[in-house]
Amino acid sequence: MRRTPRREGRAFSYGTRSERSVSSSISRQLVLWLAVPLMLVALCGALVHYFNNVAPGVISSDRRLKEASNALMARLQINEGSWSLDARTDRRPPLPSADSVIFAVHDTQGRLLNGDPRLPAVPMNGETSQLIAMMHVDNRNFRSLTTRFDTPGGVLLITAADVRPAAEPAARYGFMSTLLWDFVQLDITLVLVWVGIQLGLRPVKRLREEIAARSPQDLRPIDESSVPRELAPVVVTLNRLFTTLRSSVQSQQQFIANTAHQLRTPITGLQAQLQLLLAESAAAPVRSRLLTLQEGIRQLAHSANQLLTLARADPNVNIATKNQAVPLNTMVGEVAAKFFDRALQSNIDLGVEVEPVTILADPALIDDLLSNLVDNALKYTPAGGRVTVSTGRNNGKAYLAVEDTGPGIPEAERQRVRQRFYRLPNAPGHGSGLGLAIVDEIAQLYRATLDIGAGASNRGARVRVEFP
């Protein structure tokens, strides 16, 4: 076995992906639910403001028109079929001022009898005594009141129009100004509501991030004391689901562990008996068959140990209590020593490149991780090849790596080989397809990054586990 210094001048970096979600639809729905009624309230407020400004002016104008009509009817004189107005100032009520009200008197045929000729005759039926209308005079709109006045000489139609500036333009300007300001306030309100919603939903986002940060095997209950009261029922339900799943997984893992443990004793006995039988001279005629049987039993023992490792790697076994400081450089030397004889028999150069580095983990699981990596490398490396086990730090992170000069792993298969019981097509020898699956599960358990790539000069395979 060779021991060489750690290689320098090569740096490896691996990115991690984090799931990012879009803003919660609850936020958009709440803002929409608030925006529609607030817009209606703003519009209604602007309309109320408009009518509050217009109504007093309209009421005042109508009052002036009625007063003017009453004054005209009181001063109207009829002399032998002719009509005239009494303009004396001592009479009451007074005539309207021409600056505020203009008037005209027409007969039923529409002939102007007195007053302003600009005011047109307004047709009225016999059932109407007064009629309010809008008139267009000199490119301006005026509010007018036409009154039916029955006299001994016939029916007269007295029209009075308010020529003072109307209140509608100012009211419309006020309406648009109020509406614009209301919508500015609405926009500011919705922005503040959005900010408030985002701040209020921070506990939901923290809960989502906490669950997303877990590995699929982590079924520990969520701390209910750190969530708001509104989220407590959701967390309680999730914890019940986690408890159910954890019980199911533990039962399954316990069954696997018990089965593997029960198999180890008879398998060990079979191996011992076969070893003794091979030593007997009477077994010489069937020695080749016994060696084949011995290899099959060895594979069975290896599979049982792998199943046991899978059971131990499950996070629900609560292995955190078994964690301790593990010097990876020492671990590399011990594992390489276990495979030294096998490497010599296969004519494979097994070497290590180490520097002192320590992590916090379960030593048995790290031993299983590294043993599976070395076992795989020796299995697929042909005679005369090389297997290098290395450990050290890269960008402050501890790593373990095993590199070989075998056929390598095609890039399209580097994700699938992490699955349980999956073996590469046309893979040599016999195996269970659990080696890299075990490595991947142990790596996930410690939030480590498992990277499978090509070896030096794009030859063979390099499997690297980098710990956080």
Side-chain angles (χ1 to χ4, degrees), residues 7 10-19 212-218 302-303 306-307 309-310 313-315 328 332 335 339 346 348 350-353 359 361 365-382 385-395 397-468:
R7 294 175 186 168
R10 297 184 62 187
F12 300 86
S13 60
Y14 304 93
T16 59
R17 293 190 305 173
S18 60
E19 296 182 357
R214 294 186 174 197
S215 68
Q217 294 82 14
D218 189 354
H302 182 64
S303 297
Q306 287 186 320
L307 288 174
T309 301
L310 279 175
D314 190 86
L328 293 183
V332 166
V335 171
F339 289 92
S346 302
I348 295 174
L350 175 62
V352 297
E353 300 175 356
I359 64 169
L365 286 180
I366 301 302
D367 182 283
D368 289 333
L369 181 149
L370 190 54
S371 296
N372 276 282
L373 289 178
V374 176
D375 178 71
N376 266 2
L378 293 175
K379 184 185 302 182
Y380 292 101
T381 300
R386 300 174 62 183
V387 173
T388 304
V389 187
S390 60
T391 183
R393 288 192 180 276
N394 181 50
N395 294 328
K397 296 181 180 181
Y399 71 86
L400 280 172
V402 176
E403 183 177 341
D404 62 57
T405 56
I409 302 174
E411 188 172 354
E413 299 284 346
R414 290 174 186 173
Q415 287 297 324
R416 299 189 65 185
V417 293
R418 303 166 190 245
Q419 301 173 5
R420 295 185 182 187
F421 306 109
Y422 178 78
R423 301 188 73 227
L424 288 174
N426 303 319
H430 302 283
S432 59
L434 287 174
L436 287 177
I438 292 174
V439 173
D440 188 49
E441 293 209 12
I442 296 176
Q444 290 183 36
L445 186 64
Y446 292 108
R447 302 186 185 279
T449 302
L450 173 63
D451 180 76
I452 303 174
S457 302
N458 204 31
R459 180 186 177 192
R462 178 181 173 87
V463 182
R464 176 191 179 100
V465 180
E466 188 171 82
F467 298 88

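Contact of the Val402 side chain with the Leu370 side chain is registered, since non-hydrogen atoms from C-beta on lie closer than 4.5 Å. Val374 has its side chain within reach of Leu378: a pair of non-hydrogen atoms, C-beta onward, lies under 4.5 Å apart. Residues Asn394 and Arg464 form a side-chain contact, since some pair of their non-hydrogen atoms from C-beta on lies under 4.5 Å apart. At least one side-chain heavy atom of Leu365 sits less than 4.5 Å from a side-chain heavy atom of Tyr446.
Of the inter-residue distances, the one linking Ile438 atom CD1 with Asn376 atom CG reads 9.5 Å to the nearest 0.5 angstrom. Atom NZ in Lys379 sits 8.5 Å away from atom CG in Asn372 (nearest 0.5 Å). Separating the CZ atom in Arg462 from the CD1 atom in Ile452 is a distance of 13.0 Å, to the nearest 0.5 Å. Atoms OG1 and CG, on Thr381 and Leu350 in that order, are 9.5 Å from each other to the nearest 0.5 Å. Between atom CZ of residue Arg447 and atom CD of residue Glu466 there is a gap of 16.0 Å, rounded to the nearest 0.5 Å. Rounding to the nearest 0.5 angstrom, the gap separating the CG atom in Leu328 from the CD1 atom in Ile366 is 7.0 Å.
Proximity of a side-chain donor or acceptor of Thr391 to a complementary backbone N or O of Tyr399 within less than 3.5 Å is detected. Side chain of Glu403 to backbone of Ala456: a donor-acceptor contact under 3.5 angstrom is found. Asp404 places no side-chain N or O within donor-acceptor distance of the main-chain N or O of Val387, the cut-off being under 3.5 Å.
The two residues Gly406 and Pro382 come nearest to each other via the heavy atoms CA-CD, 3.9 Å. Considering all non-hydrogen atoms of both residues, Gly385 and Thr405 come closest at CA-OG1, 3.3 Å. Ile409 and Leu436 get closest at one heavy-atom pair: CD1-CD1, 4.2 Å. Shown here for Asp451 and Arg418, the closest heavy-atom pair between the two residues is CA-NH2, 4.4 Å. The heavy-atom pair separating Ala454 from Arg414 by the smallest distance is N-NH2, 3.9 Å. Summarising the geometry of Ile442 relative to Leu369, their closest heavy-atom pair is CG2-CD1, 3.6 Å, with the distance given to 0.1 Å.
A donor and an acceptor atom, one from each side chain of Ser371 and Asp367, are located under 3.5 Å apart.
Heavy-atom contacts from other residues, nucleotides or ligands closer than 6.0 Å to CZ of Arg459 number 12 or fewer.
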